[in-house]
2 protein chains.
Amino acid sequence: MLKIGKLTDYGVLILSTLAEQPAVLRQTEGLAESTGLSLPTTRKVMKALTDAGLVQAQRGAKGGYRLARAASMISLRDVVEAFEGPIALTECTQDEHGCDITEQCSLADGWGGINQLLMQMLARVTLADVKDPTIVDRLTQGLMMGSPRISLVNL
Amino acid sequence: MLKIGKLTDYGVLILSTLAEQPAVLRQTEGLAESTGLSLPTTRKVMKALTDAGLVQAQRGAKGGYRLARAASMISLRDVVEAFEGPIALTECTQDEHGCDITEQCSLADGWGGINQLLMQMLARVTLADVKDPTIVDRLTQGLMMGSPRISLVNL
DNA sequence: ATAAAGCATACCAAGTTGGTATTCTTTAAT
DNA sequence: ATTAAAGAATACCAACTTGGTATGCTTTAT
Ligand code: SF4
Ligand code: SF4
């Protein structure tokens, strides 16, 4: 179904909740309540976000989580990669691994291109935009701006 | 890892093989050889392609498969949907289903937008392009052309 | 010292995926 | 009509992934 994992989805939701008050520490329990997620699941999500360096954890009493950097500096690509690893639509996209039939296949470049575009799309949407109803338009605009060649290389 | 299924990948490969000689009937065995896939797997792929109406099957002796329409009229989106169903990055993207916490979540529109862009990308790459090394550029160009509003609605 | 928090680990049930095998049906060629 | 070459249909299975839960440990403000 070409879908992202639920945990990834939850991650974005929680992050966007944190983005509402970037300064304050939010506890797991409160986040679970705000989002409607169960507590254990929320824990799991928070751990992944912490490991990926997207949130800062403050341990001990009066602890909690807060965004590790500005909402506009956290993209959907960051979140997706935090939960699902590198974005690679096909096996061959990732570090020259290649699949069993790479020799007979001439599509690696094609998929690679799609993959880069997809990453570019995700990289352009940040926590600051994700609720904005005009992102679709802005994204389309965004993709037409900037030199594709260069940004593709730098992804 | 946000990847497409292997069967989907194989489907594209086989279709692109068929696209080389659109007129001739190719048998399963020959296709398996050309692509390096095992025979049973090839069968499975062919069945899915047939069900989706992307190839025409001719049964009986001297039978085989051929593209059901011009290569330029078969997009990656068609293939992906044939194997994995509707493209829906999140649960809520699909026919108002919504997930358990849809009420607390304000991201449905955002994901919906990304999803539409993704579909648009896949829809623009056809079997005729997929081996073309310049597709990335052409795709970027393509996305900037045409009125996004209208094409998004019609997807 | 204590309680409030996060951290780490381990586990499990369910679903999905890739892959294989077997048997049936259609049809061109003879 | 017979035969053989094809595809169609079905069923099955092992491995992996995913979402979700439970339990116990560590840190730290008070
Ligand atoms: S080499 Fe071809 S078949 Fe293998 S993963 Fe890449 S695109 Fe798919
Ligand atoms: S409603 Fe929110 S949490 Fe639920 S599937 Fe959609 S985006 Fe994800």
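Here is how names work: the chains are called A, B, and so on, in the same order as the sequence lines, proteins then strands, and each is numbered from 1.
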(request) Starting from P on D/dA9, measure out to CE on B/Met46 and report it in whole angstrom. (result) 14 Å

(message) Heavy-atom nearest nucleotide on DNA chain C for B/Thr8 versus A/Ala57: which residue maps closer to 5'?
(response) A/Ala57

(message) In whole Å, I'd like the distance from the CG atom of A/Leu39 to the C1' atom of C/dA5.
(response) 12 Å

(message) Measuring from atom CG of B/Leu15 to atom CG of B/Leu54, what distance do you get when rounded to the nearest 0.5 angstrom?
(response) 6.0 Å

(message) If I take atom NZ from residue B/Lys62 and atom CG from residue B/Leu25, how far apart are they, to the nearest 0.5 angstrom?
(response) 11.0 Å

(request) Check whether any side-chain nitrogen or oxygen of A/Tyr65 sits under 4.0 Å from OP1 or OP2 of C/dC7, and answer yes or no. (result) yes

(message) Would you say CD of A/Gln104 has more than 12 non-hydrogen atoms from neighbouring residues, nucleotides or ligands within 6.0 angstrom?
(response) yes

(request) Grab the OH-P distance between A/Tyr10 and D/dT18 for me, whole Å please. (result) 14 Å

(message) So, OP1 or OP2 of C/dT20: does either fall under 4.0 Å of a side-chain N or O from B/Thr41?
(response) yes

(message) Taking only side-chain N and O atoms of A/Ser38, does any of them lie within less than 4.0 angstrom of OP1 or OP2 on D/dG20?
(response) no

(message) Reading DNA chain D from 5' onward, which residue's closest nucleotide shows up sooner: A/Lys62 or A/Lys3?
(response) A/Lys3

(request) Would you tell me if any nitrogen or oxygen in the side chain of A/Thr50 comes within less than 4.0 Å of OP1 or OP2 on C/dG6? (result) no

(message) Checking contacts here: which listed nucleotide (C/dG6, C/dT25, C/dG19) is nearest the side-chain heavy atoms of B/Leu7?
(response) C/dG19

(request) Taking only the side-chain nitrogens and oxygens of B/Gln58, find out if one of them lies under 4.0 Å from OP1 or OP2 of C/dT26. (result) no

(message) Could you tell me how far apart B/Leu25 (CG) and C/dT27 (P) are, to the nearest whole angstrom?
(response) 13 Å

(message) How many whole angstroms separate atom CD of B/Glu91 from atom P of D/dT18?
(response) 14 Å

(request) Report yes or no: is there a donor-acceptor pair, N or O only, under 3.5 Å between the side chain of B/Lys47 and the base of D/dG7? (result) no

